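These notes concern the structure reproduced below.
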Amino acid sequence: MGETQGGHTGTARGVTGRRALLIGGAAAAVGTAALARDELARLWWRLPGVEKPRVAGAVDFRGAQWVSASSANYRRADRPDDYGIDRVVIHVTQGSFRSAVKVFQDPAHGAAAHYIVRKDGHITQMIRELDVAFHAGNREYNERSVGIEHEGFVEEASSFTDAMYAASARLTAGICRRYGIPVDRKHVIGHVEVPGTDHTDPGRYWDWDRYMALVRRAHRTQA
């Protein structure tokens with residue numbers, strides 16, 4: 001899930017308004033007039049001295065427990081300055097909470113979500129919302145979303161407890177409030193709805209009507 005950055009080269013004669021940006025030790029001559037604003041934002045987080053400060057063990061959601069995912073399973077970023085955050089993606093682990101934490105800490109796994117919600121409502125944060133988690137199987141969706149895993153199995157209705165729904169709804173409401181995300185099904189989606197995915201989660205037993213009502217209620221009370 002690496003990325004490359006393109007650039008333009010040329011001589012000083014005939015090329016005006018261009019300057020070199022040193023990114024990761026490589027100089028790329030970039031036409032300032034032609035470079036789109038969004039592309040500048042995408043490059044900006046790579047420049048020295050502009051990354052938002054990180055506090056060891058700090059979480060974005062009050063009450064969450066910090067357990068770091070492997071750095072191989074996400075990309076450091078400076079969201080929402082470099083990538084706007086406009087959706088939340090709901091996942092199901094297809095396994096236990098403990099197994100999900102373990103695989104997200106495995107550098108060979110290649111994927112992890114920002115949060116895991118346990119059946120009892122406990123929330124663990126494994127990647128900062130600043131950063132791009134590899135959770136959706138779609139680069140654009142990864143860059144613009146926060147991923148929330150839920151302990152359980154898509155074909156077991158008993159996976160989705162009252163405590164899980166309530167805790168997850170508060171978490172999603174907080175994310176939506178932080179980034180101005182509309183609380184609707186266009187912006188709070190299941191993994192199955194991500195273009196190009198082969199996943200089916202959260203599955204037929206996930207009660208979207210109930211969940212969205214809880215998210216809306218939590219969103220109002222957080223005002």
Side-chain angles (χ1 to χ4, degrees), residues 1-9 17-62 64 66-91 104 107 109-116 125-149 171-183 186-189 191 193-197:
M1 294 187 180
E3 64 179 18
T4 58
Q5 299 288 351
H8 300 281
T9 58
R18 296 175 183 261
R19 62 183 62 185
L21 297 177
L22 189 63
I23 302 173
V30 181
T32 56
L35 191 61
R37 185 174 182 175
D38 189 53
E39 287 305 310
L40 272 174
R42 289 168 187 265
L43 294 175
W44 183 248
W45 70 272
R46 291 174 172 254
L47 297 175
V50 300
E51 189 175 83
K52 291 185 178 73
R54 287 162 164 77
V55 178
V59 294
D60 294 301
F61 181 76
R62 182 180 297 177
W66 175 258
V67 179
S68 182
S70 168
S71 60
N73 296 330
Y74 68 92
R75 189 172 78 240
R76 285 176 75 93
D78 203 12
R79 303 191 311 167
D81 290 345
D82 49 3
Y83 302 100
I85 299 174
D86 60 12
R87 57 180 68 94
V88 176
V89 181
I90 302 298
H91 302 262
F104 289 173
H109 185 60
H114 294 90
Y115 295 95
I116 308 175
Q125 182 171 3
M126 300 196 68
I127 298 170
R128 289 179 172 83
E129 292 174 14
L130 283 171
D131 296 326
V132 176
F134 302 152
H135 67 99
N138 177 306
R139 176 171 165 175
E140 179 186 358
Y141 276 64
N142 285 341
E143 290 169 347
R144 304 187 69 88
S145 68
V146 174
I148 305 175
E149 287 279 1
L171 173 58
T172 293
I175 294 166
C176 289
R177 181 160 293 282
R178 257 192 300 288
Y179 303 108
I181 302 172
V183 181
K186 182 178 178 181
H187 297 88
V188 181
I189 65 172
H191 194 182
E193 297 169 88
V194 174
T197 187

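Every value quoted in this text rests on a predicted model; they were computed, and no experiment measured them.
For the side chain to side chain contact (heavy atoms under 4.5 Å, CB included) test, residues two or more places apart in sequence or in another chain that qualify with Thr172 are Val88, Ile90, Ile148, Ser168, Cys176, Val188, Tyr211, Val215. By the salt bridge (charged side-chain N to carboxylate O under 4.0 Å, His left out) test, Asp86 pairs with Arg144, sequence neighbours left out. By the side chain to side chain donor-acceptor pair (under 3.5 Å) test, Arg128 pairs with no residue at all, sequence neighbours left out. Shown here are the side chain to side chain contact (heavy atoms under 4.5 Å, CB included) partners of Val67, two or more places apart in sequence or in another chain: Gln65, Val101, Gln105, Thr124, Met126. By the side chain to side chain contact (heavy atoms under 4.5 Å, CB included) test, Ala58 is found to be paired with Val55, residues two or more places apart in sequence or in another chain being considered. For His109, the side chain to side chain donor-acceptor pair (under 3.5 Å) criterion is met by no residue, not counting sequence neighbours. In this structure, the side chain to side chain contact (heavy atoms under 4.5 Å, CB included) partners of Thr197, at least two apart in sequence or on a different chain, are His191, Val194, His199. Here Arg54 pairs with Glu51, Asp131 under the salt bridge (charged side-chain N to carboxylate O under 4.0 Å, His left out) rule; sequence neighbours left out. Shown here are the salt bridge (charged side-chain N to carboxylate O under 4.0 Å, His left out) partners of Glu193, two or more places apart in sequence or in another chain: Arg185. Under the side chain to side chain donor-acceptor pair (under 3.5 Å) criterion, Tyr141 pairs with no residue at all, not counting sequence neighbours.
Residue Ala111 comes nearest to Phe104 through the heavy atom pair O-CD2, 3.5 Å, listed as atom of the first residue, atom of the second, then distance. Looking at every heavy atom in both residues, Arg75 comes nearest to Tyr83 through NH2-OH, 3.2 Å.
In this structure, CD1 on Ile189 lies 8.5 Å from NE2 on His91, to the nearest 0.5 angstrom.
Between Glu143 and Arg79 there is no salt bridge, since none of the side-chain N atoms of the basic residue sits less than 4.0 Å from a carboxylate O of the acidic one. Look at Arg178 and Asp60 and you find no salt bridge, because none of the NZ, NE, NH1 or NH2 atoms lies under 4.0 Å from a carboxylate O.
Looking only at distances, a side-chain donor or acceptor of Ser70 sits under 3.5 Å from a matching main-chain atom of Ala72. No side-chain donor-acceptor contact under 3.5 Å links Asp82 to the backbone of Ala77. Formation of a donor-acceptor pair under 3.5 Å by the His114 side chain with backbone atoms of Gly147 is found in this model. At distances below 3.5 Å, at least one donor-acceptor pair connects side-chain atoms of Asn142 with backbone N or O atoms of Ala136.
With a 4.5 Å cut-off on side-chain heavy atoms, Ile127 and His135 do not count as touching. Val89 is not listed as a side-chain neighbour of Val146, based on a closest heavy-atom distance of 4.5 Å or more.
Between the side chains of Tyr115 and Glu129, at least one donor N or O lies within less than 3.5 Å of an accepting N or O.
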